[in-house]
Protein chains: 2
Amino acid sequence: MEIIIDIEADAPLFAQLIEQIKNAVLSDKISPGDPLPSIRQLANDLDLNNKTVAKAYRLLERDSVIRTKGYRGTFIHPDAKANSAIDLNDIVAEKLNKTIENLKSLGATDSEIRIAFANALNKDKN
Amino acid sequence: MEIIIDIEADAPLFAQLIEQIKNAVLSDKISPGDPLPSIRQLANDLDLNNKTVAKAYRLLERDSVIRTKGYRGTFIHPDAKANSAIDLNDIVAEKLNKTIENLKSLGATDSEIRIAFANALNKDKN
DNA sequence: TAATGTACCCCTTTTATTAATGGTACATAT
DNA sequence: ATATGTACCATTAATAAAAGGGGTACATTA
C-alpha cells in the first residue's frame, strides 16, 4: 500500500490519509485483518505529525474501517469494505441541506441560521 | 414609547431595538397603525448608525411587526401583536437542535457538522 | 426642496474555528 | 526496555463571519 500525501493539496492532510486508506480497502490492496503501521511509524514515514495520523485513525475507527487493539496495533476492520463505501459526511451534508432549505423557506436569513446553529452546537458545553 | 439602548449589553444593538419594539407592541404601548420614527430620525435620537436601525426595521418588516410604506413612513402592522409573540429564531433554533442531535447520534463530530453546515449554507453562492 | 425607505460600495474590529504542530504522560503487555 | 493507542497541556496561521460604521445614490411624493 502506497500512501502519497500532498502538502499543497486543498484537502487537509488527515483527510487525504483517510481517503487513501479507504480507497486501498475498496480496491482490495488491503484486506480485513491486515495490520496497519503504527501511528508513530506512519507519521514518521510520511513526515507527518503524530497527531495528524492519530486523528485519521480515530475517525477511521469511528467509521469501523479499522480496529485499534491498544498495544497490539491497528488492523483492518472485518466490515471495512462495506464501511469504506459509506461516507458519513455525505449523510451529514444531506440532512443539513434539508434543514437549511426548510429554514430559508420560513424567511430566516443566513446570518440568523448561522447564529442559531452555533448556539445549538455549543449548548451543552458549559 | 421609550427605547433604551445599552451599548454595553451582550445583545447586538439591532437586536435590542427589535426586542424593545416587539415588547412595546405586546404591552400595548404602541398599536397597529401607529407611525414609527423614520430610520434616520430614530438613528439620530438613539445615537445609532442608520444601518443599524435599518437592519432592525428590515427584520421587523419581514416578521410582519411593522409595515414600511416608502416615502410615507413606517407603521405598526395590523397583525403586529400576534406576530410579535412569534420569534422566528426560536423556530430556527428548535429545528437546528433536532437536526444536530440526530447527526451527533450518528457519530458525527462537532467539527464535521460545522464544516458540512458551512458548505450547505454557502452552496448556492457562486 | 425635503424626507422617506432602500440599495449599493468599501472599511474596521472582534470573535471563532480549523488544521496542524509540539510536548508530556499514562497503562498496557511483549 | 520498548512499542502500542490515547489523553492531556499548549501554540500558530489561515480563514470566516458578525457587528457596526461611512459614504453615495435612487425613485417617490408631499
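As a basis for the values below, the full set of heavy atoms in this structure was taken, side chains included, without hydrogen atoms, waters or symmetry mates.
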Identify, with sequence neighbours excluded, every residue that meets side chain to side chain donor-acceptor pair (under 3.5 Å) alongside [X].
X	value
A:Glu19	none
B:Ser31	none
B:Asp28	B:Lys81
B:Ser111	none

Would you mind listing every ring-ring contact (aromatic ring centres under 6.0 Å, His included) that reaches into residues 5-63 of chain B, with sequence neighbours excluded? none

Pairs meeting criterion ring-ring contact (aromatic ring centres under 6.0 Å, His included) with involvement of residues 87-118 of chain A, two or more places apart: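 Residue pairs with at least one partner in residues 87-118 of chain A: A:Phe117-B:Phe117.
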
Is there a donor in the side chain of A:Gln41 and an acceptor in the side chain of A:Asp45, or the other way round, less than 3.5 Å apart?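 A:Asp45 and A:Gln41 do have a side-chain donor-acceptor pair below 3.5 Å.
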
Tell me every residue that passes salt bridge (Lys or Arg N to Asp or Glu O under 4.0 Å) with A:Glu94, counting only those two or more places apart in sequence or in another chain.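 A:Lys98.
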
Residue list, salt bridge (Lys or Arg N to Asp or Glu O under 4.0 Å) with A:Lys69, at least two apart or on another chain: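 With sequence neighbours excluded, A:Lys69 shows a salt bridge (Lys or Arg N to Asp or Glu O under 4.0 Å) to no residue whatsoever.
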
Please list, by residue number, the residues of residues 59-75 of chain A whose heavy atoms come closer than 4.0 Å to an atom of DNA chain C; answer none if no residue qualifies. A:Tyr71

Strictly below 4.0 Å: does A:Asn49 bring a side-chain N or O up to OP1 or OP2 of C:dG22? yes

Is A:Thr52 close enough to C:dT21 that one of its side-chain N or O atoms is under 4.0 Å from OP1 or OP2 there?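 Yes, such a contact exists.
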
Tell me whether the count of non-hydrogen atoms from other residues, nucleotides or ligands lying under 6.0 Å of CG in B:Asp90 goes above 12. yes

Does A:Lys95, at its NZ atom, have more than 12 non-hydrogen atoms belonging to other residues, nucleotides or ligands within less than 6.0 Å? no

Kindly say whether A:Asn89 contributes a backbone atom to a donor-acceptor pair with the side chain of B:Glu112 at under 3.5 angstrom?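 Pair absent, no side-chain N/O of B:Glu112 close to backbone of A:Asn89.
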
Please list, for nucleotides 7-16 of chain C, all pairs of protein and nucleotide N/O atoms separated by less than 3.5 Å.
from  : atom 1 : to      : atom 2 : distance (Å)
C:dC8 : N4     : B:Lys51 : NZ     : 3.0

Tell me: [atom1] of [X] to [atom2] of [N], nearest whole Å?
X	N	atom1	atom2	value
B:Lys55	C:dG5	NZ	P	18 Å
B:Asp110	C:dT17	CG	P	10 Å
B:Glu112	C:dT17	CD	C1'	15 Å
A:Asn50	C:dG23	CG	C1'	11 Å
A:Phe14	C:dT17	CZ	P	16 Å

Heavy atoms within less than 4.0 Å of DNA chain D: which residues of residues 39-47 of chain B have one? Give them sorted by number. B:Arg40

Do B:Asp110 and B:Arg114 make a side-chain contact, defined as non-hydrogen atoms from C-beta onward lying under 4.5 Å apart? yes

First and last nucleotide of DNA chain D touching chain B, 5' to 3', heavy-atom cut-off 4.0 Å?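 Listed 5' to 3', the contact boundaries are D:dA17 to D:dA30.
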
Upstream residue (5' side of DNA chain D) when B:Leu48 and B:Ala118 are each assigned their closest nucleotide: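 The residue closer to the strand's 5' end, by nearest nucleotide, is B:Ala118.
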
